[in-house]
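These numbers come from a predicted model, not from an experiment.
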Amino acid sequence: MEQFALVDCNNFYASCERVFNPSLREKPIVILSNNDGCVVARSNEAKALGVKMGVPFFKITSLVEQHKIHVISSNYALYGDMSARVMKVIGEFAPAQEVYSIDESFLHLTGMRDLAGIGSQIRTRVKDWLGLPVCVGIAPTKTLAKLCNATAKSYSKLEGVLDYNSLSDERKARLLQSFEVGAVWGIGRRLTDKLKMLGITTAYALRESDPEEMSKRFSVVMKRTITELRGISCIDMENIDEARKQILSSRSFGRAVVDLHELEEAVTMYTSRAAEKLRGDGSLANEINVYVRTSPYLQDAYAESATVKFPHPSDDTMFLIKYAVEALRSIYKPGLVYQKAGVTLLNLVPNEGQQLSLFHSQANDAKSKRMMQALDQTNQKYGRGSLFIAGEGINKSWQIRAEYKTPAYTTSWDELAIVHAR
DNA sequence: TCTGGGGTCCTAGGACCC
DNA sequence: TCTGGGGTCCTAGGACCC
């Protein structure tokens with residue numbers, strides 16, 4: 001039988017902030033999304049006060065004042081760096097690891113012994129070495145490992161680890177009964193509603209439903225989920241070395257944007273960022289999609305996107321920008337108040353042995369390669385944004401707000417944590 | 001008389017995840 | 001007044017082929 005562990009950091013962003021600011025321990029904390037728009041992470045204390053995930057910040061301002069909730073703008077440089085460290089430590093425990101998100105990773109434990117013991121060791125080591133709390137769920141399928149992880153988080157008696165294999169059939173059934181069907185991995189809001197109409201409201205009821213019939217009624221994805229709930233693995237470990245299939249860079253603006261010129265600056269910057277990621281993956285893009293939108297909450301909301309295909313695949317920022325701006329101009333409508341724009345690189349291919357088009361000169365290609373290397377190296381060494389494309393604009397007054405940001409303790413020389421001698 | 005029967009590839013859109 | 005950003009996978013339907 002296969003065995004998987006899901007290791008998940010508890011309240012990851014909030015926990016990262018606490019590592020560098022211990023006075024935040026035991027205090028309610030919320031972390032805000034880019035632009036300080038809504039809540040993307042909460043400490044347990046904030047959850048207990050009723051702050052919901054994803055709630056717009058302006059809706060909880062009185063709650064924040066009333067309970068002295070600490071408000072922090074998200075600091076992705078810090079979280080990304082801490083994440084890399086955590087994943088490295090966790091990865092030492094198993095022959096195969098799949099980093100599933102910034103704060104979660106699956107381990108392949110098939111054939112290993114004392115799985116719960118391994119879970120405890122992981123927990124202890126991450127706490128000791130990095131100061132971050134994690135929980136571990138262990139089961140013969142990823143879907144069950146997810147549920148076990150959630151249970152390990154909510155019952156302190158379990159000390160952060162739950163091994164599904166150690167439960168009796170009756171306990172397994174009770175565990176599944178304790179979860180609403182929407183809590184199951186792969187069952188979102190739409191499916192939850194549809195399942196409810198069939199009288200399926202818990203993870204247990206879903207497990208007991210007929211996979212074939214459900215496959216016809218819904219899709220093969222549903223069938224897989226049911227099979228996984230029955231303890232038969234059908235969602236394998238993914239190869240994490242595979243390059244991404246698309247790269248998206250988008251942001252809401254810090255203020256209303258009407259001007260085409262400002263949109264061009266934004267799109268230029270997003271394209272630069274996406275191109276950096278593209279080169280980091282060692283990929284080339286064949287197409288670019290650009291979208292703009294007004295606030296979707298307006299009555300006459302406008303949202304449009306355009307895709308442009310390149311004459312040949314490329315990772316050259318200047319080249320990509322040219323097409324991005326072309327796409328933008330085709331969808332720009334004057335007089336609207338834009339709130340967000342985004343750029344997606346599509347149809348990505350590995351940057352090896354690419355056939356150059358007939359009229360594409362070798363010399364130009366080498367030159368652009370050196371230029372892009374210089375750009376990436378400078379930005380890596382001196383911090384993002386040290387060197388940028390002129391079209392991004394200097395002021396960037398449309399950029400996001402981040403009023404409550406903490407320093408980039410681990411990734412920027414200017415902002416290193418200071419240790420005070422006693 | 002009664003509209004072939006497969007196949008493949010591509011795309012848009014839906015649903016999900018964190 | 002204020003509502004995130006970055007991904008994946010699946011399906012249905014159209015275009016095209018023999």
Side-chain angles (χ1 to χ4, degrees), chain A residues 6 8-9 11-13 30-42 52-62 64 71 73-76 79-80 83 98-106 142-143 146 149-150 181-195 215-225 234-236 238-240 242-256 266 270 273-274 277-278 281 286-287 289 291 293-298 301 303-307 309 337 339-348 399-403:
Chain A
L6 176 65
D8 191 327
C9 301
N11 314 319
F12 182 57
Y13 298 170
V30 297
I31 315 290
L32 301 183
S33 65
N34 264 313
N35 220 22
D36 294 343
C38 50
V39 172
V40 292
R42 308 150 295 158
K52 296 268 182 280
M53 181 67 177
V55 68
F57 181 50
F58 71 87
K59 286 190 179 171
I60 59 161
T61 41
S62 62
V64 164
V71 178
S73 301
S74 46
N75 181 345
Y76 288 99
Y79 311 147
S83 171
E98 176 190 341
V99 176
Y100 179 68
S101 74
I102 193 163
D103 67 341
E104 287 174 74
S105 131
F106 286 105
K142 286 179 163 182
T143 303
K146 276 250 180 196
N149 188 290
V181 73
V184 176
W185 195 35
I187 307 296
R189 246 196 36 242
R190 298 297 179 94
L191 288 176
T192 301
D193 290 347
K194 289 180 189 165
L195 288 169
S215 177
K216 274 180 219 143
R217 197 187 282 266
F218 294 91
S219 75
V220 295
V221 184
M222 179 65 80
K223 181 177 163 183
R224 273 208 288 266
T225 299
C234 42
I235 305 176
D236 274 336
E238 312 226 341
N239 182 359
I240 54 151
E242 275 173 34
R244 280 169 289 201
K245 293 167 184 169
Q246 49 179 266
I247 292 172
L248 171 69
S249 175
S250 74
R251 291 285 184 284
S252 299
F253 303 129
R255 60 163 170 81
Y270 303 160
R273 180 58 50 82
K277 294 187 202 169
L278 183 72
D281 280 9
N286 278 290
E287 295 169 40
N289 174 275
Y291 80 88
R293 67 163 167 78
T294 62
S295 166
Y297 305 97
L298 287 177
E304 193 54 79
S305 79
T307 302
K309 292 187 174 149
V337 177
Q339 189 233 6
K340 183 177 179 181
V343 167
T344 312
L345 300 176
L346 301 158
N347 196 350
L348 309 187
Q399 256 188 349
I400 57 166
R401 289 183 293 262
E403 288 177 32

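Summarising the geometry, the separation between CG on A:Leu248 and P on B:dC17 is reported as 19 Å, rounded to the nearest angstrom. Atom CZ in A:Phe57 sits roughly 14 Å away from atom C1' in C:dT1 (whole-Å rounding). Protein atom CE of A:Met53 is 14 Å distant from nucleotide atom P of C:dG5, rounded to whole Å. As a whole-Å value, the separation of A:Asn35 CG from C:dT1 P is 17 Å. A straight line from CG of A:Asn289 to P of C:dG7 spans 13 Å, rounded to a whole angstrom. Rounded to whole angstrom, the span from the CG atom of A:Leu278 across to the P atom of C:dG6 amounts to 15 Å. Atoms OH (A:Tyr76) and P (C:dG7) sit 13 Å apart, rounded to a whole Å.
Considering only residues two or more places apart in sequence or on other chains, A:Glu287 meets the salt bridge (Lys or Arg N to Asp or Glu O under 4.0 Å) condition with none of them.
Checking C:dG5, C:dC10, C:dT3 against the side-chain heavy atoms of A:Arg251 singles out C:dG5 as nearest. Candidate nucleotides C:dG5, B:dA15, C:dT8 were compared by shortest atom distance to the side chain of A:Leu191, and B:dA15 ranks first. Out of C:dC10, C:dG7, C:dT3, the shortest distance to the side chain of A:Val221 is found at C:dC10. Side chain of A:Arg224, nearest nucleotide from B:dC17, C:dC9, C:dG4: C:dC9. With C:dG4, C:dG7, B:dC18 as the choices, the nucleotide that has an atom nearest any side-chain atom of A:Val40 turns out to be C:dG4. Distances from the side chain of A:Asp103 to the nucleotides B:dA15, B:dC18, C:dG4 place B:dC18 closest.
A:Lys245 has no side-chain polar atom (N or O) that falls below the 4.0 Å cut-off from OP1 or OP2 of C:dG6. Remark: A:Gln339 is not in phosphate contact with C:dC2, judged by side-chain N or O atoms under 4.0 Å from OP1 or OP2. Under 4.0 angstrom from either OP1 or OP2 of C:dT3 there lies no side-chain N or O belonging to A:Lys340. At the phosphate of C:dG5, neither OP1 nor OP2 sits under 4.0 Å from any side-chain N or O atom of A:Arg273. Taking 4.0 angstrom as the limit, A:Lys146 places none of its side-chain polar atoms (N or O) nearer than this to OP1 or OP2 of B:dC17. Phosphate proximity of C:dG6 to A:Ser250: present, with a side-chain N or O under 4.0 Å from OP1 or OP2. Listed pair A:Ser74 / C:dG4 fails the phosphate criterion, with no side-chain N or O lying under 4.0 Å from OP1 or OP2. Taking only side-chain nitrogens and oxygens, A:Lys216 never comes nearer than 4.0 Å to OP1 or OP2 of C:dT11.
Where A:Arg244 and A:Phe218 meet DNA chain C, the nucleotide closest to each residue was compared, and A:Arg244 sits on the side nearer the 5' end. Nearest-nucleotide positions on DNA chain C for A:Ser219 and A:Tyr13 put A:Tyr13 closer to the 5' end.
A:Leu32 comes within contact range of no nucleotide atom at all, as no heavy-atom separation falls under 4.0 Å. Within the nucleic acid shown, A:Tyr100 comes within 4.0 Å of sugar-phosphate atoms alone, with no base atom in reach, counting heavy atoms only. Within the nucleic acid shown, A:Gln246 comes within 4.0 Å of at least one base atom, counting heavy atoms only. Backbone-only engagement by A:Lys309 is indicated by non-hydrogen atom pairs under 4.0 Å involving sugar-phosphate atoms exclusively. Among the atoms of the strands shown, none is found under 4.0 Å from any heavy atom of A:Ile102. Using a 4.0 Å heavy-atom criterion, one finds that A:Ser295 contacts no nucleic acid atom at all. Looking at heavy-atom distances under 4.0 Å, A:Val184 makes contact with sugar-phosphate atoms alone, never a base. Using a 4.0 Å heavy-atom distance criterion, A:Lys142 is classed as making no nucleic acid contact. Using a 4.0 Å heavy-atom distance criterion, A:Val220 is classed as a sugar-phosphate-only contact.
Across A:Ile31 and A:Ser73, no two heavy atoms sit closer than the pair CG2-C, 4.3 Å. Taking both residues in full, the closest heavy atoms of A:Ala341 and A:Tyr270 are given as O-CE1, 3.2 Å, listed atom of the first, atom of the second, then distance. Residues A:Ala266 and A:Phe253 share a closest heavy-atom pair of CB-CE2, 3.6 Å. Residue A:Arg244 comes nearest to A:Leu348 through the heavy atom pair O-CD1, 3.6 Å, listed as atom of the first residue, atom of the second, then distance.
Side-chain N or O atoms of A:Ser33 include none that pairs as donor or acceptor with a backbone N or O of A:Val39 at under 3.5 Å. A:Ser215 places no side-chain N or O within 3.5 Å of a backbone atom of A:Lys223 that could act as its donor or acceptor partner.
Both geometric conditions, a ring-centre gap below 5.5 Å and a plane tilt below 30°, are fulfilled for A:Tyr297 over the base of C:dT3.
Stretches of at least 3 consecutive Watson-Crick or G-U wobble pairs, with each checked distance under 3.5 Å, appear in DNA chain B as B:5-18 with C:5-18.
In this structure, A:Lys142 satisfies the cation-pi test against A:Phe106, with its NZ or CZ atom closer than 6.0 Å to the six-membered ring centre and inside 45 degrees of the ring normal.
Side-chain atoms of A:Asp103 and A:Ser101 form a donor-acceptor pair, as typed in the model, at a separation below 3.5 Å.
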Using residues 181-193 of chain A as the side-chain source, report each donor-acceptor pair under 3.5 Å to any protein atom, sequence neighbours left out, with the distance given to one decimal.
residue: A:Trp185; atom: NE1; partner: A:Tyr100; partner atom: OH; Å: 3.2
residue: A:Thr192; atom: OG1; partner: A:Gly188; partner atom: O; Å: 2.6

